[in-house]
Number of protein chains: 2
Amino acid sequence: MELSERKKRIDDELQRFFSSQDIGEGEIEKVFSEIPAFILRGGKRVRPALFLEGYKIGGGERIDECLRASLSIELCHNYFLMHDDVMDRDAFRRGGKTLHKAYESDFDSWTSVSLAINTGDYTNTLSFQSILVCDFPKDRKFEVVKELVETQKRVYEGQCLDLILHETPLSKVEVEEVLQVHRLKTASYTVACPLRMGFLLSPRAREPASSEIAESLGVYGREVGTAFQVKDDLLGLFGEEEETGKPVTSDIEEGKRTLPLVIAYRRGTESQKEEMKSIVGKKLSENEFKTIREIVKKTDAKRESEEMAEEMVEEGKRAVGDIESDFLVDLADFIIERSY
Amino acid sequence: MELSERKKRIDDELQRFFSSQDIGEGEIEKVFSEIPAFILRGGKRVRPALFLEGYKIGGGERIDECLRASLSIELCHNYFLMHDDVMDRDAFRRGGKTLHKAYESDFDSWTSVSLAINTGDYTNTLSFQSILVCDFPKDRKFEVVKELVETQKRVYEGQCLDLILHETPLSKVEVEEVLQVHRLKTASYTVACPLRMGFLLSPRAREPASSEIAESLGVYGREVGTAFQVKDDLLGLFGEEEETGKPVTSDIEEGKRTLPLVIAYRRGTESQKEEMKSIVGKKLSENEFKTIREIVKKTDAKRESEEMAEEMVEEGKRAVGDIESDFLVDLADFIIERSY
């Protein structure tokens, strides 16, 4: 599919961006040089690809300039990952060390955490900067910044709820709450925001009918983005470590309130509930991991999660029915089929 | 001085801002309601007062609208404090609990740290939002956002260097490095940035000579802002706890590389150096604290730090010589004289 071609162009642009960026001197530069290392060693570049698509949907033709602007959402995504990894105390990401773990080769562990928080914050300014400096009219860039800020606000609301749910007993977590986290946290900035940012830079964004298109892109984003996260939850349980780049047991060990897990708990028998409670949130043995997988299958939670994701994808496709974009249709299908 | 009047108006505006803000629902709102609690219980509002002054210098007359926009830099300041408190593992701020400590009444300690990081990030979006929604022309607001982003970038570079110096043996820390942290971290966003943000919203910012004024405000900001931080370092050693709102021993216990400390070490005798090394960065006894204070006095490091601050303030005043602003002159003097 076309995503892999876009990834190549976006990666080239990221390389150029980092080699032209002034990221401090001496010791400071050494710390911040982990940013390109972290970003460039993995990632699918779905978000900048969607940014580009939003721009094309709006009739945009200055593809190279749009590519430069699209780095914004990739940088923002990586900023979120850096802070998430700190909060989740994850050690690995994309087959390498997380930022706060990487810093441990030179600093004590708390300083490494502090540096990772700060480097995340710094990456966020790079995200804003790549919009501010790109060669589009100021009033357009203003709208793009606004979209980014409003989206970030929702993401932090989602992250807040996610952290609260993490502390809530599994028995008290509602399916709707899990979906709300997915909508606020992932869907908003993974699909809806990049599509709309790109569209806002395009010529059609100045036309009277533009708000309808932006609205449709928002609905597509919410539905397909939520499906993307549900699929992530499923891959976190049933995926292959070599393909996803992170240990397949980590979601369960961290006690993440994923959709299949919460559905399985709701549907489980008393003894399945007890088993789940005793396993989730701790270091797992091979057998315990198998047990969880089996409960999720036996309770039909796996199938139901898959079906929910499929329905969302269908609703997303319907929302963009009038917009001509093979990419959006392909991406929606890819999200369901992907194994990484 | 006029600062206390401005503080009152800014506090009113902050109250209004928070009561009109949608900060999530239910559990989310409960977590984010710590933001107004944190901000409103203290602070001098120096930054929004300077924002207003920059606007007045540029001939701005829409004071109420400018006040609303000026909240941006106060929110940004508080976001920095929230993350700083996490990194420094401070428990108290402004006579109350720091954010991650406040959350401990409802959550475990790591979740509280995670929530504090996230609430800081959220406060940053509120900072951007208060510019984006204010009633000034888009192209002006665009410039203000740019100023804020560029400043934040420097602040993170300064924070990075600060964290590195914290891990560097006292004997290897240079006076110039301490000053660089003060310039990047405090001076840039405490004085220069708010002055320039306010000025950028003003009518005069569209005139050809505006870049000269913005430049002078930048020099004033750098010098007076650095003096502000040096004074903070001095108050951290010689101030009164009731006035500064934080334990006077905490800078030494945290091992902060403050200007008086670094100068004292450079000038100390071998035995003073040894004493300093054995005391700094640990829980202090009353006697050890006295010892440090005495070394800083005996080595003339106190006097030299004070003189450096005074010289900076003079240089700052010279930079704005042609700009008519009693406020800037008064503020510069206040920074030297203040005891809190």
Side-chain angles (χ1 to χ4, degrees), chain A residues 22-28 30-32 79-80 83 86-89 106-108 110-111 113-115 117-126 128-129 131-133 138-139 141-143 145-146 148-168 177 184, chain B residues 22-28 30-32 79-80 83-84 86-89 106-108 110-111 113-115 117-129 132-133 138-139 141-143 145-146 148-168 184:
Chain A
D22 165 25
I23 49 173
E25 296 169 348
E27 294 289 307
I28 300 175
K30 202 177 153 204
V31 169
F32 288 149
Y79 146 59
F80 290 154
H83 279 194
V86 167
M87 298 182 200
D88 295 344
R89 291 192 264 204
D106 290 311
F107 300 96
D108 70 36
W110 190 256
T111 302
V113 164
S114 301
L115 284 170
I117 297 171
N118 188 60
T119 301
D121 290 337
Y122 188 78
T123 307
N124 188 30
T125 62
L126 297 181
F128 279 97
Q129 246 192 345
I131 304 170
L132 295 171
V133 303
K138 272 188 197 177
D139 68 320
K141 293 196 279 186
F142 178 86
E143 297 300 332
V145 167
K146 203 163 165 225
L148 182 61
V149 168
E150 282 164 7
T151 302
Q152 287 194 339
K153 211 176 156 195
R154 281 193 291 275
V155 170
Y156 303 134
E157 288 172 7
Q159 177 69 359
C160 178
L161 184 57
D162 200 10
L163 289 164
I164 294 169
L165 291 187
H166 196 273
E167 294 282 284
T168 307
E177 289 177 313
L184 287 168
Chain B
D22 165 25
I23 48 172
E25 295 168 349
E27 294 290 306
I28 300 175
K30 204 180 150 202
V31 169
F32 289 150
Y79 145 58
F80 290 154
H83 279 194
D84 262 23
V86 166
M87 297 182 200
D88 295 344
R89 289 192 267 205
D106 291 311
F107 300 96
D108 70 36
W110 188 256
T111 303
V113 164
S114 301
L115 284 171
I117 297 170
N118 188 60
T119 301
D121 290 337
Y122 189 77
T123 307
N124 187 32
T125 62
L126 297 182
S127 166
F128 279 98
Q129 246 191 346
L132 296 172
V133 303
K138 272 188 197 178
D139 69 320
K141 295 196 278 186
F142 179 86
E143 296 300 332
V145 166
K146 204 165 163 220
L148 182 61
V149 168
E150 282 163 8
T151 301
Q152 288 194 339
K153 210 176 157 194
R154 281 192 291 275
V155 171
Y156 304 133
E157 287 170 9
Q159 177 69 0
C160 179
L161 184 56
D162 200 8
L163 289 164
I164 294 168
L165 291 186
H166 197 274
E167 295 282 286
T168 308
L184 286 169

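Per chain, numbering begins at 1; letters A, B, ... match sequence-line order. Side chains included, hydrogens not; waters and symmetry mates left out as well; all remaining heavy atoms used.
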Q) Quick one: what part of A:Val133 sits under 4.5 Å from any heavy atom of chain B, side chain, backbone, both or neither? A) neither

Q | Residues that B:Asp108 engages under salt bridge (Lys or Arg N to Asp or Glu O under 4.0 Å), provided they are two or more places apart | A | none

Q. Looking at A:Thr125, A:Ile28, A:Asn118, A:Leu132, which one has more heavy-atom pairs under 4.5 Å with chain B than the rest?
A. A:Asn118

Q: Heavy-atom distances under 4.5 Å only: say whether B:Asp22 touches chain A with side chain, backbone, both or neither.
A: backbone

Q. Relative to each other, are the rings of B:Phe128 and A:Phe128 parallel, tilted or perpendicular (30° and 60° limits)?
A. parallel

**Q.** Any side-chain heavy-atom pair of A:Lys153 and B:Leu126 under 4.5 Å
**A.** yes

(Q) Counting heavy-atom pairs under 4.5 Å with chain A, which one of B:Phe107, B:Trp110, B:Tyr79 comes out on top? (A) B:Trp110

Q: Taking the side chain as every heavy atom from C-beta outward, state whether B:Phe32 and A:Glu157 have any pair of such atoms under 4.5 Å apart.
A: yes

Q: State which residues pass side-chain hydrogen bond (donor to acceptor under 3.5 Å, both in side chains) with A:Glu25; sequence neighbours excluded, sorted by chain then number.
A: none

Q: Would you mind telling me which of B:Val31, B:Ile23, B:Asp121 makes a side chain to side chain contact (heavy atoms under 4.5 Å, CB included) with A:Cys160?
A: B:Val31

**Q.** Atom pair OG/CD1 of A:Ser114 and B:Ile164 - distance to nearest 0.5 Å
**A.** 12.0 Å

Q | Greatest number of heavy atom pairs closer than 4.5 Å to chain A - which of B:His166, B:Lys141, B:Arg154 | A | B:Lys141

Q: Pick whichever of B:Arg89, B:Gln129, B:Lys146 has the most heavy-atom pairs under 4.5 Å with chain A.
A: B:Arg89

Q | Structural part of B:Glu167 lying under 4.5 Å from a heavy atom of chain A | A | side chain

